[in-house]
Amino acid sequence: MTRRLRGGRRTATATVTLVLVAAGGFAPGSGTAAHALPGTAAASASSSASAEHVPAVRAGTASGTTAAERYGWGTPLAAASDEFGYGSPAAPATPDPAKWEQAGDENGCWPGNGRLGGHRCAGNSGVVGGVLRQVGETNGDTGWLASRFGQRYGRWEARVRSSETGLEGREVTERYQPLLILWPDSERWPQDGEYDYLENDTPGGDCAQAYLHYPHDEDVPVQQEWAATCGTDMTEWHAIAIEWTPDHVRGYVDGQQTYSFSGGADEVRRCIQCAPSMHQTIQLDSTLPDRTTPVRSAVYEVDWVRTYALAD
C-alpha cells in the first residue's frame, strides 16, 4: 500500500500500547517530501503572492492570548476539536478514536515520512494528564495523528510546546520537526496544496516557522511561501493558529498576526488560498536518510486543538 509523505488519512487501524516511565510520563512501546529551505533552488521558484509579515511579540508577553479570543472566532466545532481532558500519568489514554486516526498497520507502525529511517507508530502518541504527548525515539520511531474532520476554509488553533529530551543521541545532528499541518482530504500532494502552519527545524527552538504550499503541478519544484516568528521560545506553551478564507491564508502566534498570503497563481500553480478541503494533522517528523542514522530524542506536547468554521 502506498505510504503518505506528510499527513492525511489511512483506513487501517492499530492496537495501541502505552508504556509508563518512571517519571510518570508517557513512553513508546518497542518498535522497529522534504520542504525547501529559504535560499535553496526549490525555494526560489517564482513567488508572486501578496504577502504581509507582522513581527510577533516575544515569548511570555502574550502567552495567555489566543487568536480566537482576540478576533472573536466563536465556539469551536466539537467534532473537530479536542481539549485532551482525559488520560493520566497513571493511565495514559489513546487519542479519541472518534476524532483522530492513528498511525500504524497491523504491526502498529508504518514507515515515517516516506524515508528509510524511522517509523510512525500508534504507540508513540498518547494523552497523559490532559495533554497529548508525542515521543520521538533515537531510532526515528515517532508519533502522528490525523483529524477525521475536514473542511474547506476555516480557522485552526493549537497550544503546543516541544523539547529535545535526555542525553542519548545528543552527539548526532539529526533532529525531529514538530508540525501542525492542514493536509488535503484528497491525499493529492502537491496538486491540492498543504499548509504547514507550524514546521520547526528542531524541537524547542526560538522561532515558530510556517511553510504554506501552493496547489501546484507535480512535475515542478516545490511552490511555497515561508514565514518565521522568532523570539518565541518553543519549549514554553504558545498558541499557534491559521485562518484560511477565500481571500487569504493568515498565521498567528499568541494572538498576534505574523503573516498573510494571498494570490500568487501562475502557469504551474493555483492561488495559495485555492486548495480544496483539508484536515488537521499533528506530527513529530523525522527525515532520516537511512535505517542506521540516529536522531535526537524529543517530546512534542499539545494542550488542546480547536477548529472553527468561518462566520457566515
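Along the sequence shown, residues are numbered consecutively beginning with 1.
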- Task: Measure the spacing between CH2 of W226 and OH of Y259 and express it to the nearest 0.5 Å.
- Result: 12.5 Å
- Item | Residues H248, E243; criterion side-chain hydrogen bond (donor to acceptor under 3.5 Å, both in side chains); working and verdict | CA-CA 8 Å; H248 60 250; E243 177 182 70; 2.8 Å; yes
- Query: When you measure from the side chain of E157 to the backbone N and O of T66, does any donor-acceptor pair fall under 3.5 Å?
  - Reply: no
- Closest non-hydrogen atoms of C271 and P215, given as atom of the first, atom of the second and distance, are O-CD, 3.5 Å
- S81 side chain to T307 main-chain N or O, any donor-acceptor pair under 3.5 Å? yes
- Query: Residues sharing Y71's hydrophobic cluster, by side-chain heavy-atom contacts under 4.5 Å among ILVMFWY, directly or via others?
  - Reply: W73, Y252, Y308
- Gap between atom CG of L180 and atom OG1 of T281 - 0.5 Å precision: 8.0 Å
- Item | Separation between CD of Q257 and OG1 of T229, rounded to the nearest 0.5 Å | 10.5 Å
- So, R155 side chain and A68 main chain: donor-acceptor pair closer than 3.5 Å or not? no
- To the nearest 0.5 Å, how far apart are CZ in F261 and CD in E225? 5.0 Å
- Query: Does the pair D82 and W100 meet the rule for a side-chain hydrogen bond (donor to acceptor under 3.5 Å, both in side chains), with working shown?
  - Reply: CA-CA 9 Å; D82 202 334; W100 301 103; 2.9 Å; yes
- Message: Less than 4.5 Å apart, side chain to side chain, heavy atoms only: is that true for P190 and V222?
- Response: no
- Expected output: side-chain K99 to main-chain F149 donor-acceptor under 3.5 Å: no
- Quick one: do Q102 and R120 satisfy side-chain contact (heavy atoms from CB on, under 4.5 Å)? Show the steps, please. CA-CA 9 Å; Q102 281 271 30; R120 289 171 173 168; over 6 Å; no
- Query: For the atom pair SG (C274) and NE2 (H216), what is the distance rounded to the nearest 0.5 Å?
  - Reply: 14.0 Å
- Message: Between D254 and R70 (salt bridge meaning N to carboxylate O under 4.0 Å), is one present in this structure?
- Response: no
- Item | E301 bridged to R161 by N-O distance under 4.0 Å | yes
- Roughly how far, to the nearest 0.5 Å, is CH2 of W244 from CD1 of I272? 11.5 Å
- Message: Quick check: do V305 and W156 have side-chain heavy atoms less than 4.5 Å from each other?
- Response: no
- Task: Kindly indicate, with the supporting measurements, whether the criterion side-chain contact (heavy atoms from CB on, under 4.5 Å) is fulfilled by V299 and R133.
- Result: CA-CA 7 Å; V299 62; R133 183 171 295 163; 3.3 Å; yes
- Query: Per the side chain to side chain donor-acceptor pair (under 3.5 Å) rule, which among T142, T165, N124 passes with E137?
  - Reply: N124
- Hey, is the main chain of Y214 close enough, under 3.5 Å, to the side chain of Q223 for a donor-acceptor pair? no
- Check step by step if side-chain contact (heavy atoms from CB on, under 4.5 Å) holds for L145 and L132. CA-CA 10 Å; L145 287 179; L132 171 68; 3.6 Å; yes
- Given the rule in the side-chain contact (heavy atoms from CB on, under 4.5 Å) test, do L284 and Q177 qualify, once you have shown the distances and angles that lead to the verdict? CA-CA 6 Å; L284 182 61; Q177 296 175 306; over 6 Å; no
- Could you tell me whether a side-chain N or O of R296 sits under 3.5 Å from a main-chain N or O of Y176, the two making a donor and an acceptor? no
- Task: Under the side chain to side chain donor-acceptor pair (under 3.5 Å) rule, collect the residues that match up with N200, sequence neighbours excluded.
- Result: none
- Task: Look at the side chain of S162 and the backbone N and O of G204, then say whether any donor-acceptor pair between them is shorter than 3.5 Å.
- Result: yes
- Message: Strictly distance-based, threshold 3.5 Å: is any side-chain N or O of R250 a donor or acceptor partner for the main-chain N or O of S262?
- Response: no
- Answer yes or no: is there a side-chain heavy-atom contact under 4.5 Å between L212 and I242? yes
- Query: With a 4.5 Å heavy-atom cut-off, do V253 and I240 have their side chains touching?
  - Reply: yes
- Message: Any heavy-atom pair between the side chains of Q151 and L77 that's under 4.5 Å?
- Response: yes
- Item | H238, Q283, M234, Q209 screened by side-chain contact (heavy atoms from CB on, under 4.5 Å) with L198, the one that passes | M234
- Message: Taking C230's backbone N and O only, do any of them form a donor-acceptor pair with D206's side chain (distance below 3.5 Å, no angle check)?
- Response: no
- Message: Donor-acceptor pair, distance only, cut-off 3.5 Å: does the side chain of D217 make one with the backbone of D219?
- Response: no
- Which heavy atom in P95 sits nearest to a heavy atom in G126, and how many Å separate them? CD-CA, 4.4 Å
- Query: In terms of the angle between their ring planes, are W183 and W189 parallel, tilted or perpendicular, with boundaries placed at 30° and 60°?
  - Reply: parallel
- Message: Tell me the closest heavy-atom pair linking W237 and D303, and the distance in Å.
- Response: CZ3-N, 3.5 Å
